[in-house]
A.B. asks: 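First, the structure itself, so that you have it in front of you.
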Amino acid sequence: MNYLQLIYDLAEQKELTGHTRTAANYRSAARAFTRFLHTRDMNELHIERLTPVLAMQFENYLLHTQGVCRNTSSFYIRQLRAAYNTAVRDGCCTDLQPFRDVYKSVAATRKRAAEAEDLQRLFHLDLTDNPELMFSRDLFYFCFLGRGIPFIDLVKLQKRHIEGAHLIYQRSKTGQLVVVELAPAMKSIIERWHQATSRCLFPILPAGFTQRSYDSALRRYNRHLKLLSHLCGLECHLSSYIARHSWASEAYRLGVPIQTISTCMGHTTEETTHIYLRSLSTTHIDQSARTVLKVYG
């Protein structure tokens, strides 16, 4: 079985079932692996020839030839491993554990959560003269108040997802049902931007959802958030995922148990929640440590 073809076939299956982001991830990893194989004068690879040595050579190629960061390398390898595990489960090959010796985790990176004072400054910034930036800021605020709604779920929200005082939707990534109480500020944002003739809650995408239009909308959103970071003088550079990390960080800072945070965010395991909390701000860590210093310092 051609390993690369297997990955592209899986991507096609994911596309057909609406998991467009997963499909894109598979294709991105397959292209990176194809470039690696070309350096070895190979156009394809039989799945039985995927060995631990070859996987380590691919990792070395990514880190030292392509110069990607460790998390990017890990991302590609996780996609390749997922495709390989699917082939094993389907009885297409014997499990040789080719990825046992390569890095597959998520390394700690720079802080991904905004400080409380940064968030307040952003949310109260007067943008009446710039409706485009106001729209992007309001979307970010809505996502934050909604317990870190991912952008992919935000663009899919429709009026029908509002039931009484709650927003009820299913996460695109995990299929988990999320129920969010609508805060007054969230209702105000809906009233400000919802178009009565549209089924969508917000006018983010043109009629008809395509991967190209989604990617374009996400780039525009992140571009606006970056500009908002500069306007507010924020230390943290805002992007689409910052609202999610910031909500988790703020909830934890305010004493919400990790198990509750995990449930609120629609995580399937608490380990995923811990990933979000690894990048807690230095300020919060220092404040927490002082409680011990007061007793023993």
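In this text the structure is predicted, and so the values were computed from the model without any measurement.
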A.B. asks: Are any of the side-chain heavy atoms of Y61 and R35 separated by less than 4.5 Å?
C.D. replies: yes

A.B. asks: Please report the shortest heavy-atom distance between L238 and F140, naming the atom on each side.
C.D. replies: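 Minimum heavy-atom separation between L238 and F140: CD2-CZ, 3.9 Å.
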
A.B. asks: Go through the steps for E117 and Q120 under the test side chain to side chain contact (heavy atoms under 4.5 Å, CB included), then give the verdict.
C.D. replies: CA-CA 5 Å; E117 56 269 26; Q120 291 291 348; 5.6 Å; no

A.B. asks: So how far is it from L145 CG to L182 CG, rounded to the nearest 0.5 Å?
C.D. replies: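 Taking CG in L145 and CG in L182, the distance rounds to 10.0 Å.
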
A.B. asks: Would you sort out whether L122 and F144 count as a side chain to side chain contact (heavy atoms under 4.5 Å, CB included), showing the intermediate values?
C.D. replies: CA-CA 12 Å; L122 171 68; F144 174 82; over 6 Å; no

A.B. asks: Are the side chain of Q79 and the backbone of F75 linked by a donor-acceptor contact shorter than 3.5 Å?
C.D. replies: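 Yes; at least one donor-acceptor contact below 3.5 Å.
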
A.B. asks: Kindly compute the distance separating CZ (R70) from CG (L62), expressed to the nearest 0.5 Å.
C.D. replies: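 Taking CZ in R70 and CG in L62, the distance rounds to 13.0 Å.
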
A.B. asks: Return the minimal non-hydrogen interatomic distance between E250 and A116, and the atom names on each side.
C.D. replies: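 So the two residues come closest at OE1-CB, 3.6 Å.
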
A.B. asks: Is there a side-chain contact between K14 and N25 (heavy atoms, below 4.5 Å)?
C.D. replies: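 The answer is no, as the side chains (C-beta and beyond) never meet within the 4.5 Å cut-off.
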
A.B. asks: List the atom of D101, the atom of M56, and the distance in Å for their closest heavy-atom pair.
C.D. replies: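 In this case the closest contact between D101 and M56 is CB-SD, 3.8 Å.
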
A.B. asks: Heavy atoms only: give me the nearest P203-W193 pair and the separation to one decimal.
C.D. replies: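 Heavy-atom minimum between the residues: CD-O, 3.3 Å.
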
A.B. asks: For the OH atom of Y84 and the CD atom of Q97, what is their distance to the nearest 0.5 Å?
C.D. replies: 8.5 Å

A.B. asks: Taking atom types as modelled, find out whether R89 and T86 have a side-chain donor-acceptor pair closer than 3.5 angstrom.
C.D. replies: yes

A.B. asks: Calculate, to the nearest 0.5 Å, the distance between atoms OG and CG belonging to S239 and N222 respectively.
C.D. replies: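 Answer for the OG-CG pair, S239 versus N222, is 5.5 Å.
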
A.B. asks: Within a radius of less than 6.0 Å around CZ of R49, do more than 12 heavy atoms belonging to other residues, nucleotides or ligands occur?
C.D. replies: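 No.
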
A.B. asks: Does a side-chain heavy-atom distance below 4.5 Å link E15 with T20?
C.D. replies: yes

A.B. asks: What verdict does the side chain to side chain contact (heavy atoms under 4.5 Å, CB included) test give for H166 and E163, after you've listed the backbone C-alpha separation in whole Å, the side-chain angles of each residue and the deciding distance to 0.1 Å?
C.D. replies: CA-CA 5 Å; H166 291 85; E163 298 184 17; 5.5 Å; no

A.B. asks: Indicate, with yes or no, if the rings of Y76 and F58 have centres closer together than 6.0 Å.
C.D. replies: no

A.B. asks: Is H224 reaching over with its side chain to a backbone N or O of Y221, donor-acceptor style, under 3.5 angstrom?
C.D. replies: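 Answer holds: no.
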
A.B. asks: Quick one, L201 and I162 - any side-chain contact, counting heavy atoms below 4.5 Å?
C.D. replies: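 Contact flag for L201/I162 side chains = yes.
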
A.B. asks: Kindly work out whether a path of hydrophobic side-chain contacts (I/L/V/M/F/W/Y, heavy atoms less than 4.5 Å apart) joins F36 to Y8.
C.D. replies: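 No, F36 does not connect to Y8 through the hydrophobic network.
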
A.B. asks: For the CD atom on E48, are there more than 12 heavy atoms of other groups (residues, nucleotides or ligands in this structure) within a distance under 6.0 Å?
C.D. replies: yes

A.B. asks: Considering all heavy atoms of both residues, which atom of S73 and which atom of V68 are nearest to each other, and what is their separation?
C.D. replies: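 Residues S73 and V68, closest heavy atoms: N-CG2, 4.0 Å.
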
A.B. asks: Could you list all the side chain to side chain donor-acceptor pair (under 3.5 Å) pairs where at least one residue sits in residues 140-157, not counting sequence neighbours?
C.D. replies: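 Every side chain to side chain donor-acceptor pair (under 3.5 Å) pair that includes a residue of residues 140-157, provided the two are not neighbours, is D153-S172, K156-S172.
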
A.B. asks: Ignoring hydrogens and angles, state whether a donor on the side chain of R40 or Q57 is under 3.5 Å from an acceptor on the partner side chain.
C.D. replies: yes

A.B. asks: In Å, rounded to the nearest 0.5 Å, how long is the span from OH of Y169 to CG of L177?
C.D. replies: 9.5 Å

A.B. asks: Determine whether L157 and Y241 fall in the same hydrophobic cluster, where Ile, Leu, Val, Met, Phe, Trp and Tyr are linked whenever their side-chain heavy atoms lie under 4.5 Å apart.
C.D. replies: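 Looking at the clustering, Y241 is in the same group as L157.
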
A.B. asks: Taking the side chain as everything from C-beta on, heavy atoms only, tell me whether L45 gets closer than 4.5 Å to L37.
C.D. replies: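 A side-chain contact exists here, since the closest heavy-atom pair is under 4.5 Å.
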
A.B. asks: Any side-chain heavy atom of F135 within less than 4.5 Å of one from I204?
C.D. replies: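 They are in contact (side-chain heavy atoms under 4.5 Å apart), so the answer is yes.
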
A.B. asks: Any side-chain to backbone donor/acceptor pair from S188 onto P184? Under 3.5 Å, distance only.
C.D. replies: yes

A.B. asks: Do Q5 and D9 meet the criterion of a side-chain donor-acceptor pair at a distance under 3.5 Å?
C.D. replies: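 Result is yes, a qualifying pair exists.
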
A.B. asks: Salt-bridge test for R27 and E12: reply yes if a basic N is under 4.0 Å from a carboxylate O, no otherwise.
C.D. replies: yes

A.B. asks: Looking at Y214 versus F151, is the centre-to-centre ring distance below 6.0 Å?
C.D. replies: yes

A.B. asks: Nearest 0.5 Å please: distance from the CG atom of L167 over to the CD atom of E181.
C.D. replies: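 Answer rounded to 0.5 Å: 11.5 Å.
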
A.B. asks: How close do Y3 and L80 get, heavy atom to heavy atom, and via which atoms?
C.D. replies: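 For Y3 versus L80, the nearest heavy atoms are OH-O, 2.6 Å.
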
A.B. asks: Is there a path of hydrophobic side-chain contacts, each under 4.5 Å between heavy atoms of I, L, V, M, F, W or Y residues, that connects V102 with V88?
C.D. replies: yes

A.B. asks: Would you say R78 and S74 are linked by a side-chain donor-acceptor pair, where the criterion is simply a distance under 3.5 Å?
C.D. replies: yes

A.B. asks: Could you tell me if the side chain of T39 sits less than 4.5 Å from the side chain of T65, heavy atoms only?
C.D. replies: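 No. Closest side-chain heavy atoms not under 4.5 Å.
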
A.B. asks: Check whether any side-chain N or O of S246 sits under 3.5 Å from a backbone N or O of I242 as a donor-acceptor pair, and report yes or no.
C.D. replies: yes

A.B. asks: So, the side chain of H194 versus the backbone of C200: is there a donor-acceptor pair under 3.5 Å, distance only?
C.D. replies: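 It does hold such a pair.
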
A.B. asks: If we ignore hydrogens and angles and just use 3.5 Å, is the side chain of R81 paired with the main-chain N or O of K104 as donor and acceptor?
C.D. replies: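 Flag not set: sc R81 to bb K104 has no pair under 3.5 Å.
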
A.B. asks: Within the side chain of H46, is there an N or O that forms a donor-acceptor pair under 3.5 Å with the backbone of M1?
C.D. replies: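 At least one qualifying donor-acceptor pair exists.
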
A.B. asks: Would F99 end up clustered with L96 when hydrophobic side chains under 4.5 Å apart are linked, directly or stepwise?
C.D. replies: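 Cluster IDs for F99 and L96 match.
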
A.B. asks: Can you tell me if T34 uses its side chain to pair, donor with acceptor, with the backbone of A30 under 3.5 Å?
C.D. replies: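 Yes; at least one donor-acceptor contact below 3.5 Å.
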
A.B. asks: Answer yes or no: are there more than 12 heavy-atom neighbours, outside D129 itself, under 6.0 Å from its atom CG?
C.D. replies: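 Not buried by this count: 12 neighbours or fewer within 6.0 Å.
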
A.B. asks: Given side chains that start at C-beta, do those of D138 and F202 come closer than 4.5 Å, heavy atoms only?
C.D. replies: no

